[in-house]
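Comments concern the structure below.
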Amino acid sequence: MGDVISTHLDEGKREMITARTRQVTGEFGHVYEQQYAVALFNSVRFEIEGGGAPQSQLLHRKNPLEDRSIFSGGLFQYLEENKRWRNRFVFVADTYNISFYENKMAHERSLRPKGTINCAGYKALTSMEEYLELISTSLPGIKAKVGSGQFVKCATQFPLILWHPYARHHYFCVLTEKEQKKWHAVLQDCVRHSNNGLSEECRVQTPAFTDAMRLHRQAQGHYGTWDMMCGGPPQILANLVMETLHPELRNLIGPRLKGKIQQRQRNWMLISEAVYKQVLSQTQAQYEALVQACEVQTSRLDTVLRTDMDQIITSKEHVSGKIRALVLPRAGQLLRGSVQPFLSSILEALMEPTSRGFSEVRDVFFRELVEVSKNTLNGGGKDKLAEHMEKISMLAFHPVKMQSCYEKVEQLNLEGLQQRFDVSSPSVFIQRAQILMREQMDNAVYTFEHLLHQSLEGKVQGGEDLCKTIHCCQDRVLKKYDYDSSTVRKKFFKEALLQIIIPYMLKQLSPSFHLDLPRFQELIFEDFSQFILVENVFEEVVLQSVTKDIMMAVKDAAVQKKHNLYRDSMILTNSDPNLHLLGENPSVDWATQFRGGNEEPEGALGGGGQSSRRRRQVVSMIQLDEMGPLPYESCLEVPGVDFIPEEGEIEEVEVKAQEPKEQKTPTEPDSPDSVQEICYHSKPVVEMMVSASEEDFAVLTNGTGTLKDGKEEEVTLITTVVEEMHRKSPQEVNEQLVETGSPYQEAEGGLQEKGEPAIEGKGEEDEAAIKNAIQEIEIAVQEEDGERITECVVDSDAELAPPLVDSSPSGHDDGGFQPPTNEALNEGKAQPILDALKTEDTVVDPGEVVVVLEPGDTALHNE
């Protein structure tokens with residue numbers, strides 16, 4: 001991996017990347033400094049004159065995720081370094097950054113995570129087909145087919161992939177579809193939150209940055225929305241640099257990459273990641289220096305603004321009037337001919353899915369409160385009520401429960417209007433609507449908590465009284481929610497229409513007035529020139545020309561009852577004058593006040609070193625019905641894909657697969673092939689040899705076994721291996737000995753023909769060989785009798801017998817004589833017949849052994 005990067009990113013290319021980054025950030029920095037003074041002027045003017053925004057009816061929580069974490073659990077992660085899958089403990093903090101650890105214990109000990117993912121700019125995918133479709137055009141002239149192969153062979157059928165156009169891709173997988181849906185909702189929430197990286201509370205830096213970014217891209221000819229306007233300012237700046245740098249490097253390095261299609265694409269992704277890291281590190285440092293330089297001038301600029309505010313406003317109005325007289329005729333003509341006919345269709349496309357999403361938020365909130373009322377009515381009391389309120393308090397940040405709301409908005413489609421108005425994709429509007437839905441849900445829950453807590457404070461109520469109190473608070477909150485959601489949606493529709501129409505009109509009008517605008521700069525006093533910019537005044541004039549039509553379109557839509565919007569003339573009176581005073585109180589701690597605070601909240605996790613207190617988790621842990629958690633949550637390994645055939649090599653691979661494979665030596669153990677084998681390898685394995693009949697094989701089930709150290713372990717998996725071992729019967733041994741054509745038998749036959757004795761004349765040496773043969777016959781008879789009676793029967797309710805400490809034959813107590821040759825037979829090895837009368841052990845030829853059965857040996861005849 002390092003060789004690929006160092007080969008294609010030499011010192012010259014890295015210097016070129018550094019120079020390009022410095023150039024782009026320098027041009028942006030010049031525009032930012034100008035817009036910073038303008039944003040400061042607008043902020044001070046708003047502070048002096050005030051604003052006319054309607055007051056919300058619901059309370060707003062300042063820090064909703066304090067002492068909370070979003071989610072945690074185990075995931076299988078693919079590691080590019082060794083092409084293996086490993087089990088990781090993943091923790092999603094309140095910052096929505098994803099951290100993964102070696103195991104849960106490493107997180108609880110506040111060890112450094114193996115890695116952290118900032119999800120800004122990512123897409124969460126659940127299928128390899130979606131992923132291959134996104135990366136198919138990563139290199140020019142190369143488009144890999146979906147069926148031609150895969151970058152990563154998932155260990156399960158349920159992948160989770162985080163894709164980024166420039167940064168590293170992350171691959172995960174889980175065991176079940178239920179897990180996949182839950183994790184996908186969590187990952188989508190992380191992406192949604194991270195993309196909304198610019199805080200609206202920064203009334204100077206955020207407007208200055210967004211306006212500077214828009215003007216900079218418009219100077220490059222890019223109008224309209226931008227999908228990569230996500231994350232914090234350094235990330236957005238890095239995306240701005242990569243927007244032009246990435247295609248140049250791809251065209252320069254792409255043709256030089258060698259290897260198969262997939263290998264070239266993989267190498268290019270590694271190179272792209274290295275370039276993005278280098279650019280991001282530069283933009284981080286340069287943006288911090290830029291902000292510091294502007295903040296140094298803040299006090300001086302603020303003093304000038306507060307001193308000469310009236311004169312600055314007068315000068316700006318004078319210039320605006322001159323530009324308005326020049327621009328309005330041309331803008332009005334463009335508006336009537338190219339914008340007004342499409343206003344209603346754009347608004348309808350925005351309102352339909354957005355209104356369904358906000359309506360679903362209301363329904364989810366209502367269903368949760370109904371569930372609380374049911375449980376309270378069934379005799380739960382305040383303890384049960386506090387338990388449910390603990391869960392409801394984080395309802396807005398529960399991605400699984402909010403998923404149905406988010407899915408309604410994801411149906412937003414601007415097809416047919418995107419190309420005309422230069423809208424790259426509707427994802428910008430979808431994510432913005434989802435963020436607003438989450439805020440409204442949290443406001444409703446927070447308001448309900450305070451109203452209910454105020455009603456219960458100092459009162460003792462039974463089940464029915466509690467239900468009445470809950471219903472009363474519920475009705476009040478729902479009325480406030482309906483009003484606030486209507487106000488928020490109308491504001492969202494206006495902003496979305498402006499984001500779609502204004503860039504289109506600026507693109508059409510700017511070439512006509514590009515040469516005329518600089519002469520208006522002469523009308524501005526030099527002392528006020530840094531607060532009044534002609535480009536900003538021109539955009540404000542275009543904005544004013546279209547604002548009236550947009551307001552009328554939204555007002556007409558409010559009349560339609562299907563969207564559940566309030567008219568502007570309807571103002572909800574403040575029925576709770578003291579409600580906003582409650583918002584200044586801290587959040588209600590239901591566990592402490594109503595449950596005693598002795599019980600640990602469900603899903604509590606350590607804060608990862610942030611605090612000594614336990615963090616309560618928003619989303620509960622996943623518990624699978626099919627299997628329990630993996631033991632010890634260790635880093636279990638699954639095989640990667642070292643070789644994936646290309647499209648033209650599939651036939652060659654199939655031919656090779658039919659060839660016999662060489663067996664691996666015992667010193668090279670193979671990796672497990674699936675997650676099931678991971679679970680198998682993560683537990684101690686005891687091999688036990690049990691002789692049993694065919695009927696006994698069916699009763700082997702789970703139980704407990706005793707290891708050599710005396711500890712009992714639960715037996716969760718029994719694998720039966722049947723090996724047939726043929727043993728000869730005594731009759732077969734006798735026939736083999738008698739029928740063997742040995743030289744001794746031939747000699748015996750010759751002697752008998754001459755009338756000489758056959759056996760009596762031999763001596764003690766021959767008698768020892770005969771005894772050895774008889775002993776072998778007796779051993780065979782005993783083993784055949786032993787096979788008729790099963791030595792060990794394993795029952796499902798019985799425990800496995802502990803293995804014997806001494807496995808030698810002397811450990812058997814069968815009441816019979818155990819000759820030395822029995823040890824070899826028990827081990828399954830053939831033992832030679834030794835000459836017992838000689839001082840040295842010499843091997844006796846079995847052909848020289850003859851067994852003669854005399855009529856007086858009744859015991860042997862009976863056998």
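By convention here, the first residue in the shown sequence is residue 1.
- At most 12 non-hydrogen atoms from other residues, nucleotides or ligands lie less than 6.0 angstrom from NZ of Lys181.
- Atom OG1 of Thr244 sits about 9.5 Å away from atom CG of Leu249, to the nearest 0.5 Å.
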Evaluation steps, side-chain contact (heavy atoms from CB on, under 4.5 Å), between Val90 and Val186: CA-CA 11 Å; Val90 180; Val186 173; over 6 Å; no
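- Nearest heavy atoms, Tyr406 versus Gln434: O-NE2, 3.3 Å.
- Ring-plane geometry between Phe100 and Phe172 is classed as perpendicular, the angle between the planes exceeding 60 degrees on a 0 to 90 degree scale with a lower cut at 30.
- A donor-acceptor pair is defined here as one N or O able to donate and one able to accept, closer than 3.5 Å; such a pair exists between the side chain of Gln278 and the backbone of Arg14.
- Ring geometry for Tyr101 versus Phe89: interplanar angle of 30 to 60°, hence tilted.
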Residue pair Met229, Leu198: steps toward the side-chain contact (heavy atoms from CB on, under 4.5 Å) verdict: CA-CA 10 Å; Met229 186 76 176; Leu198 299 177; 4.2 Å; yes
From CA spacing to verdict: side-chain contact (heavy atoms from CB on, under 4.5 Å), Asn196, Arg432: CA-CA 8 Å; Asn196 191 40; Arg432 179 58 183 166; 4.3 Å; yes
side-chain contact (heavy atoms from CB on, under 4.5 Å) assessment of Tyr78 paired with Lys83: CA-CA 7 Å; Tyr78 181 78; Lys83 293 183 171 62; 3.3 Å; yes
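- Gln180 contributes no side-chain N or O that, together with a main-chain N or O of Cys173, makes up a donor-acceptor pair within less than 3.5 Å.
- Side-chain atoms of Val275 and His246, non-hydrogen and from C-beta on, never get closer than 4.5 Å to each other.
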Trace of the salt bridge (Lys or Arg N to Asp or Glu O under 4.0 Å) decision for Glu81 with Arg86: CA-CA 12 Å; Glu81 291 77 12; Arg86 286 190 179 274; over 6 Å; no
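- The side-chain heavy atoms of Trp183 and Phe158, taken from C-beta on, include no pair separated by under 4.5 Å.
- Taking all atoms of both residues into account, the shortest heavy-atom contact from Met213 to Leu237 is CE-CD2, 4.0 Å.
- Leu65 has its side chain within reach of Ile70: a pair of non-hydrogen atoms, C-beta onward, lies under 4.5 Å apart.
- One N or O on the side chain of Ser136 and one on the backbone of Glu133 form a donor-acceptor pair closer than 3.5 Å.
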Step-by-step salt bridge (Lys or Arg N to Asp or Glu O under 4.0 Å) determination, Glu80 to Arg168: CA-CA 10 Å; Glu80 283 282 355; Arg168 163 173 283 198; over 6 Å; no
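- Note: Lys123 NZ to His169 NE2 = 11.0 Å, rounded to the nearest 0.5 Å.
- Side chain of Ser272 to backbone of Trp268: no donor-acceptor contact under 3.5 angstrom is found.
- With hydrogens and angles ignored, the 3.5 Å screen pairs a side-chain donor or acceptor of Gln235 with a backbone N or O of Gly232.
- Between Trp163 and Glu130 there is no side-chain heavy-atom pair separated by less than 4.5 Å.
- Counting heavy atoms from C-beta on, the side chains of His8 and Asn267 never come closer than 4.5 Å.
- To the nearest 0.5 Å, the span separating OG on Ser127 from CD1 on Ile161 amounts to 7.0 Å.
- No side-chain donor-acceptor contact under 3.5 Å links Asn103 to the backbone of Arg88.
- Among all heavy-atom pairs drawn from Ile392 and Val445, the shortest one is O-CG1, 3.2 Å.
- The closest side-chain donor-acceptor pair between Thr206 and Glu200, if any, does not fall under 3.5 angstrom.
- None of Ile98, Ile117, Asp189 except one satisfies the side-chain contact (heavy atoms from CB on, under 4.5 Å) rule with Val92; the exception is Ile98.
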Worked verdict on Tyr171 versus Trp85 for ring pair (Phe, Tyr, Trp, His ring centres under 6.0 Å): CA-CA 9 Å; Tyr171 313 94; Trp85 290 88; 7.5 Å; no
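- To the nearest 0.5 Å, atoms CG (Asp442) and CD (Glu449) are separated by 8.5 Å.
- Counting non-hydrogen atoms of neighbouring residues, nucleotides and ligands closer than 6.0 angstrom, the CZ atom of Arg367 exceeds 12 such neighbours.
- For the pair Arg68 and Phe397, the NZ or CZ position fails the cation-pi test of under 6.0 Å to the six-membered ring centre and within 45 degrees of the ring normal.
- Side-chain contact check for His107 versus Pro113: every heavy-atom pair is 4.5 Å or farther apart.
- The backbone N or O of Pro234 lies less than 3.5 Å from a partner atom in the side chain of Thr283, making a donor-acceptor pair.
- Taking every heavy atom of both residues into account, Val174 and Thr156 meet most closely at O-OG1, 2.5 Å.
- A pairwise comparison of heavy atoms in Asp227 and Ser424 identifies OD1-OG, 3.2 Å as the closest pair.
- In this structure, the side chains of Phe429 and Val409 stay at 4.5 Å or more apart for every pair of heavy atoms.
- Other residues, nucleotides and ligands contribute more than 12 heavy atoms inside 6.0 Å of the CD atom of Gln411.
- To the nearest 0.5 angstrom, His164 atom NE2 is 11.0 Å from Glu273 atom CD.
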Salt bridge (Lys or Arg N to Asp or Glu O under 4.0 Å) assessment of Lys391 paired with Glu371: CA-CA 12 Å; Lys391 299 178 181 179; Glu371 191 68 23; over 6 Å; no
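- Considering all non-hydrogen atoms of both residues, Arg438 and Tyr96 come closest at NH1-OH, 3.4 Å.
- At a cut-off of 3.5 Å, with distance as the only test, no side-chain donor of Glu243 or Asn239 sits close to an acceptor on the other residue.
- Gln403 and Gln188 are linked by a side-chain donor-acceptor pair at a separation below 3.5 angstrom, with hydrogens and angles left out of the test.
- Residues Met242 and Pro165 are not in side-chain contact: their nearest non-hydrogen atoms beyond the backbone lie 4.5 Å or more apart.
- Here CD of Gln77 is found 12.0 Å from CG of Leu160. Values are rounded to the nearest 0.5 Å.
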